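No experiment lies behind these values; they were computed from the predicted model shown.
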Amino acid sequence: MNALTARPTYAALAAFLAGDAVASAVPVPYVAKNMDAMRIPPELRWAVPVAKAATALGLASVFRFPGVARATTGLLTLYFAGALGIHLRVRNRVANIIPAALLLVVFAAMTVQGPHTAGDGVRALES
């Protein structure tokens, strides 16, 4: 087991994405300004916090449903690949590009490795 496969990592990233969902839903002025820079149409902005909240739940499911958590990391890999592409397309600031790139790499690695589970097919919750 390593840090990326540990259940606490999934829980910490779930908490991070839940907070990010709230910041996107409000929206916090920095987030709104970034969505403007990325040219996200106002009528589609509701989807961003919904997606982030759904993926937070998916990551948090690692304790009961590790397969759902792994599928969620796969979807987050696609999400951050798209986000990185948008950041690059609009030539956003490097300070906004780096987090998207790092999260893309982290979620891709988590998808490949999957969450740590106990041996013999027993759910991680029971280990």
Do the side chains of [X] and [Y] join up, straight or via other hydrophobic residues, at under 4.5 Å, putting them in one cluster?
X: Leu75; Y: Val50; result: no
X: Ile40; Y: Tyr79; result: yes
X: Val28; Y: Leu17; result: yes
X: Leu88; Y: Phe80; result: yes
X: Val94; Y: Leu102; result: yes

Worksheet item: For atom CZ of Arg91, is the number of surrounding heavy atoms from other residues, nucleotides or ligands below 6.0 Å larger than 12?
Response: no
Compare every heavy atom of [Y] with every heavy atom of [X], then report the nearest pair and how far apart it is.
X: Gly58; Y: Thr72; answer: CA-OG1, 3.3 Å
X: Val48; Y: Ser24; answer: CG1-OG, 4.0 Å
X: Ala53; Y: Ala21; answer: N-CB, 3.7 Å
X: Ala81; Y: Leu104; answer: N-CD1, 3.8 Å
X: Ala108; Y: Thr77; answer: N-OG1, 3.2 Å

Review item, side-chain donor-acceptor pairs of residues 8-15, under 3.5 Å, at least two apart:
unit_1, atom_1, unit_2, atom_2, d
Thr9, OG1, Ala3, O, 2.4

Worksheet item: Less than 4.5 Å apart, any side-chain heavy atom of Leu76 and any of Leu103?
Response: no
Practice prompt. Any salt bridge (charged side-chain N to carboxylate O under 4.0 Å, His left out) involving residues 22-48? Give me the pairs, sequence neighbours left out, ordered by first then second residue.
Written response: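 Checked against salt bridge (charged side-chain N to carboxylate O under 4.0 Å, His left out) - neighbours excluded - the pairs reaching residues 22-48 are Asp36-Arg45.
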Worksheet item: Can you tell which of Arg70, His116, Arg7 makes a side chain to side chain contact (heavy atoms under 4.5 Å, CB included) with Val62?
Response: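 Filter result, single survivor: Arg7.
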Item to complete: Among Val112, Leu4, Leu59, find the one that has a side chain to side chain contact (heavy atoms under 4.5 Å, CB included) with Thr73.
Response: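 Checked Val112, Leu4, Leu59 against Thr73; only one passes side chain to side chain contact (heavy atoms under 4.5 Å, CB included): Leu59.
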Discussion item. Before you tell me yes or no, could you show the steps for Met110 and Thr5 under side chain to side chain contact (heavy atoms under 4.5 Å, CB included), namely the whole-Å CA-CA distance, both residues' side-chain angles and the distance that decides it to 0.1 Å?
Written reply: CA-CA 7 Å; Met110 290 174 78; Thr5 64; over 6 Å; no
Discussion item. Treating Thr111 as the side-chain partner and Gly74 as the backbone partner, does any N or O pair qualify as donor plus acceptor under 3.5 Å?
Written reply: yes
